[in-house]
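Heads up: the structure comes next, in structure tokens.
Every heavy atom of this structure was used, including side-chain atoms; hydrogens, water molecules and symmetry mates were not. The model shown is predicted, which means the values in this text are computed figures rather than measured ones. Residue numbers begin at 1 in each chain, while the letters A, B, ... track the order of the sequences.
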Protein chains: 2
Amino acid sequence: MQAPDYQAETAQCVFIGRMLGRVTDKWTVLIVRVLGRGPCRFNALRREVGEISQKVLASTLRDLEENGLVSRTVTPVNPPQVEYALTDLGRDFLRPIRGLAEWVLENAALIEAARAEYAARAST
Amino acid sequence: MQAPDYQAETAQCVFIGRMLGRVTDKWTVLIVRVLGRGPCRFNALRREVGEISQKVLASTLRDLEENGLVSRTVTPVNPPQVEYALTDLGRDFLRPIRGLAEWVLENAALIEAARAEYAARAST
DNA sequence: CGGGATCCTTATCGATACTG
DNA sequence: CAGTATCGATAAGGATCCCG
């Protein structure tokens with residue numbers, strides 16, 4: 001027997017899973033981290049982040065904006081200027097992300113060891 | 001100018017991003033959560049998790065095993081019996097995951113509000 | 001400079017069928 | 001029961017061109 005709210009919990013987890021999915025793709029973490037150091041414009045962001053196509057950067061930024069983690073400020077000058085920055089929510093989001101990041105870093109050796117052992121077992 | 005270890009930090013973040021990617025697909029969180037309640041066999045796991053194909057379940061479990069978060073114990077009886085369980089590392093991993101989950105739940109309303117506002121802006 | 005539109009290439013997912 | 005193998009659909013990612 002399980003707790004009565006098990007189904008609700010499952011629904012929550014699906015919701016969380018979706019949010020995690022939105023938030024944890026390959027690039028989101030990198031972008032949030034760069035923006036954590038201060039506002040940044042599109043192409044500057046692109047250079048800082050590394051090997052990302054503008055399409056993916058644009059769509060990732062749209063997602064972040066849609067979820068309220070990033071703000072987008074257009075200054076209508078010539079040439080156009082668009083600044084991206086973390087919102088309060090986005091800055092707050094750095095906290096759990098850092099928690100996860102720290103965990104990964106702390107346990108990187110264990111994970112690598114597990115992977116090596118797994119590879120060894122597989123090739124035997 | 002930036003801190004001298006910025007490149008290294010970037011590499012770290014790419015590593016973290018990869019780990020996050022491994023760890024945060026649609027199903028991983030759900031599976032880890034179910035296993036957090038105790039060991040479970042393949043088909044039982046499949047029923048508990050919900051709408052998942054055995055292919056995806058199998059490959060997700062392989063990934064988790066490869067990263068050392070889940071153990072796989074085969075008991076050679078008839079019919080075959082395979083138990084999956086969290087390893088110590090996997091149990092420890094619940095901590096940051098829960099941190100993230102809590103953050104998502106705490107801020108779900110804000111995120112939904114941001115999404116609603118964004119949608120409203122877009123349709124205008 | 002900051003993207004949108006398009007096309008093409010790859011992973012990913014799911015369903016079905018088959019094995020020890 | 002616990003998977004692997006195969007196939008088709010679909011989504012994600014990248015490259016390129018173009019426009020305000």
* Structure fact -> Sorted by position of nearest nucleotide on DNA chain D, 5' first, the leading residue of A:Ser53 and B:Leu61 is B:Leu61
* To do: Would you mind checking if B:Glu83 and B:Arg72 are paired as a salt bridge, meaning a charged N to carboxylate O distance below 4.0 Å?
  => no
* Asked: Separation of A:Leu57 atom CG from C:dG3 atom C1', in whole Å?
  -> 10 Å
* Asked: Between D:dA15, C:dA15, D:dG3, which nucleotide gets closest to the side-chain atoms of B:Val82?
  -> D:dG3
* Backbone N/O of A:Asp88 and side chain of A:Asp92: donor-acceptor pair under 3.5 Å -> no
* Find the distance B:Arg47:CZ to D:dC1:P and express it as a whole number of Å. => 7 Å
* Asked: Any donor and acceptor pair, going by atom type alone, linking the side chain of B:Thr60 with main-chain N or O of B:Trp27 inside 3.5 Å?
  -> no
* To do: Specify the separation, in whole Å, of atom CG of B:Asn78 and atom C1' of D:dC1.
  => 9 Å
* Nucleotide nearest A:Asn43 (side chain, heavy atoms from C-beta), chosen from D:dC1, C:dG2, D:dA2 -> C:dG2
* **Listed nucleotide nearest any side-chain atom of B:Arg41, set D:dG14, C:dG4, D:dC1** => D:dC1
* No-H, no-angle donor-acceptor pair, A:Gln54 side chain to C:dG4 base, under 3.5 Å -> yes
* Taking OP1 and OP2 of C:dC1, is either one under 4.0 Å from a side-chain nitrogen or oxygen of A:Tyr84? -> no
* **Selection from D:dA2, C:dG3, D:dG14 that lies nearest to any side-chain heavy atom of A:Ala58** => C:dG3
* Stepwise, does the side-chain contact (heavy atoms from CB on, under 4.5 Å) test hold for A:Thr87 with A:Val70? -> CA-CA 5 Å; A:Thr87 60; A:Val70 162; 5.6 Å; no
* To do: Flag the pair B:Arg121 and A:Glu65 as a salt bridge only when some basic side-chain nitrogen lies within less than 4.0 angstrom of an acidic carboxylate oxygen.
  => yes
* Structure fact -> Whole-Å distance, B:Lys55 NZ to D:dT10 C1', equals 12 Å
* **A:Arg72 side chain, from C-beta outward: closest of D:dC1, C:dG3, C:dG14** => C:dG3
* Between C:dG3 and A:Arg62, is there an OP1 or OP2 to side-chain N/O distance shorter than 4.0 Å? -> no
* Structure fact -> By nearest-nucleotide position on DNA chain C, the 5'-leaning member of B:Pro80 and A:Glu83 is A:Glu83
* Figure out the CD1/C1' separation between B:Ile52 and C:dC13, and round it to whole Å. => 10 Å
* To do: Return the nearest nucleotide to the side chain of A:Pro79; candidates are C:dA15, D:dA15, C:dC1.
  => C:dC1
* Asked: For A:Arg46, which contact category applies under a 4.0 Å heavy-atom criterion: base, sugar-phosphate, or nothing?
  -> nothing
